[in-house]
Amino acid sequence: APALVSRMRSARLWYEPHLMNETRREETWQLLIKRIAEDRCTPIVGPGVDYRVARFRQDISLQWADRYQYPLARHEQVSLAQVAQYVAATRGDAQMENDFIDDVRGFALRRYGHLLDGEERKQPLVRLLSVIAEKAMLKEPDDSHVLLAGLPFSAYVTANFNNFLAEALRRSQRPPQELVFNADVSAEEVSLPSPEHPLVYHLFGRLDDVESLVLTEDDYFDFLIDFWREHERIPAAVRRALASSSLLFLGFNLHQWDFRVLFRSLLKEQSSQRRRKQLHIAVQVDPDDDQITNPDRAREYLEAYFEDFADSDVNIYWGSSEDFLCELQRRWQARSSS
């Protein structure tokens with residue numbers, strides 16, 4: 001009798017990704033396609049959109065916990081925000097930021113260094129990642145960034161520090177504007193985004209400006225304060241996208257700081273009554289996430305958690321970002337060809 005030995009904690013090999021609301025699945029997909037066609041849908045892109053580099057935050061967090069003898073609970077050692085807070089408090093912000101840039105480079109070279117020649121390996125980090133994206137990721141038609149770039153969004157909001165999405169858009173002949181939250185940019189410098197010339201808006205900073213990165217717990221609290229206190233500094237096109245379009249949360253772990261800060265700040269704002277009456281959201285949850293030990297109970301928890309946002313019509317997708325985007329692309333192409 002054959003036996004299958006797997007390190008997966010879920011039955012992912014024979015698991016069918018799906019929207020959880022069984023009674024409204026087709027209606028949800030049709031509404032989502034309609035919103036995209038009307039340019040009323042905005043993806044919020046998280047770290048898990050690229051499964052090949054999604055774990056670098058966890059890897060760095062564990063490295064730092066060991067390197068700097070993190071003294072708190074072991075389960076916190078996989079949380080970069082918590083471990084980075086400890087490193088910043090004990091070693092200083094500059095040391096923490098330098099370590100982060102160095103360790104991201106180390107992670108990238110360990111995983112993809114065999115694809116690079118000597119000169120490419122010496123490139124600054126942002127350029128190094130662009131070369132890696134060109135050689136390893138963006139050539140694949142089912143890469144999440146390629147799939148996102150193939151859909152006609154006018155604005156992309158990203159919680160990621162890298163430039164993979166912008167590179168994918170450039171390869172798709174859709175050259176984007178790239179802006180960073182809290183950057184000193186006047187309204188005149190921001191062109192009105194369109195599907196042909198979209199906007200990529202980095203909420204949590206970008207690697208070419210290390211001081212812009214949101215890494216520690218304090219950084220997340222500061223972001224929350226600044227997001228509402230400095231709301232007028234956010235480009236009008238981004239404010240409109242966040243306030244009056246359907247949001248797709250892609251590639252987030254629901255127990256991580258980036259998702260919790262974004263989701264609650266966007267949906268709990270008291271002035272968002274317009275959003276609550278019309279919003280439709282798809283949230284992706286990957287059953288292969290090794291922080292989820294019991295997928296069935298995790299699903300029950302998520303359904304209960306999102307009950308508080310029932311007026312916002314939150315729809316949960318159980319599966320990876322790649323699963324979701326491949327299905328979305330298939331449905332979009334079917335609509336376009338019909």
Evaluate side chain to side chain contact (heavy atoms under 4.5 Å, CB included) for Val180 paired with Asp209, printing each intermediate quantity in order. CA-CA 9 Å; Val180 179; Asp209 179 7; 5.7 Å; no

Look at the side chain of [X] and the backbone N and O of [Y], then say whether any donor-acceptor pair between them is shorter than 3.5 Å.
X: Arg105; Y: Arg121; value: yes
X: Ser79; Y: Glu76; value: no
X: Arg170; Y: Pro176; value: no
X: Ser212; Y: Arg206; value: yes
X: Asp143; Y: Val146; value: yes
X: Asn160; Y: Asn162; value: no
X: Gln177; Y: Ser191; value: yes
X: Asp323; Y: Ser320; value: yes
X: Ser172; Y: Arg174; value: no
X: Ser321; Y: Leu250; value: no

Given the rule in the side chain to side chain contact (heavy atoms under 4.5 Å, CB included) test, do Leu325 and Asp142 qualify, once you have shown the distances and angles that lead to the verdict? CA-CA 8 Å; Leu325 288 169; Asp142 60 349; over 6 Å; no

Test side chain to side chain contact (heavy atoms under 4.5 Å, CB included) applied to Ser154 and Leu199, step by step: CA-CA 6 Å; Ser154 289; Leu199 171 65; over 6 Å; no

Kindly compute the distance separating [atom1] ([X]) from [atom2] ([Y]), expressed to the nearest 0.5 Å.
X: Leu129; Y: Tyr112; atom1: CG; atom2: OH; result: 10.0 Å
X: His197; Y: Leu169; atom1: NE2; atom2: CG; result: 12.0 Å
X: Gln329; Y: Glu327; atom1: CD; atom2: CD; result: 10.5 Å
X: Ser130; Y: Phe164; atom1: OG; atom2: CZ; result: 7.5 Å
X: Phe107; Y: Phe100; atom1: CZ; atom2: CZ; result: 11.0 Å
X: Leu116; Y: Leu128; atom1: CG; atom2: CG; result: 6.0 Å

Near-ring test Phe181/Phe204, centroid separation under 6.0 angstrom: no

Atom CD of Glu211 with >12 non-hydrogen neighbours under 6.0 angstrom: no

Around atom NZ of Lys135, are there more than 12 heavy atoms from other residues, nucleotides or ligands closer than 6.0 Å? yes

Minimum heavy-atom distance between [X] and [Y], given as atom pair plus value:
X: Leu215; Y: Tyr220; value: O-CE1, 4.0 Å
X: Val78; Y: Ser61; value: C-OG, 3.6 Å
X: Thr216; Y: Met96; value: CG2-CE, 3.6 Å
X: Leu203; Y: Phe223; value: O-CE1, 3.6 Å
X: Pro141; Y: Leu147; value: O-CD2, 3.6 Å
X: Val49; Y: Glu322; value: O-OE2, 3.0 Å

Close side-chain approach of [X] and [Y], heavy atoms under 4.5 Å:
X: Leu207; Y: Ile101; result: yes
X: Thr42; Y: Leu248; result: no
X: Tyr156; Y: Ile44; result: no
X: Trp332; Y: Pro152; result: yes
X: Val157; Y: Pro43; result: no
X: Trp64; Y: Tyr70; result: no
X: Leu213; Y: Val210; result: yes
X: Pro198; Y: Phe153; result: no

I'd like to know if Leu109 and Leu115 are part of one continuous hydrophobic network [Ile/Leu/Val/Met/Phe/Trp/Tyr, side-chain heavy atoms within less than 4.5 Å]. yes

Applying the 4.5 Å side-chain criterion to the ILVMFWY set and letting contacts propagate, would Leu72 and Val87 be lumped into a single cluster? yes

State whether Arg171 and Glu167 are salt-bridged, where the test is any N-O pair (Lys NZ or Arg NE/NH1/NH2 against Asp/Glu carboxylate O) under 4.0 Å. no

Using a strict threshold of under 4.0 Å (side-chain N to carboxylate O), is an ion pair present between Glu97 and Arg91? no

Decide yes or no on side chain to side chain contact (heavy atoms under 4.5 Å, CB included) for Gln63 and Asp103, but give the supporting numbers first. CA-CA 9 Å; Gln63 286 180 36; Asp103 290 340; 3.9 Å; yes

Is NZ or CZ of Arg57 both nearer than 6.0 Å to the six-membered ring centre of Phe161 and within 45° of the ring axis? yes

Could you check Lys34 against Glu27 for salt bridge (Lys or Arg N to Asp or Glu O under 4.0 Å), going step by step and ending with a plain yes or no? CA-CA 11 Å; Lys34 183 174 183 290; Glu27 178 185 343; over 6 Å; no

For the residue pair [X] and [Y], confirm or rule out a side-chain donor-acceptor distance under 3.5 Å.
X: His202; Y: Glu178; result: yes
X: Gln85; Y: Asp218; result: yes
X: Ser245; Y: Arg40; result: no
X: Asp99; Y: Gln95; result: yes

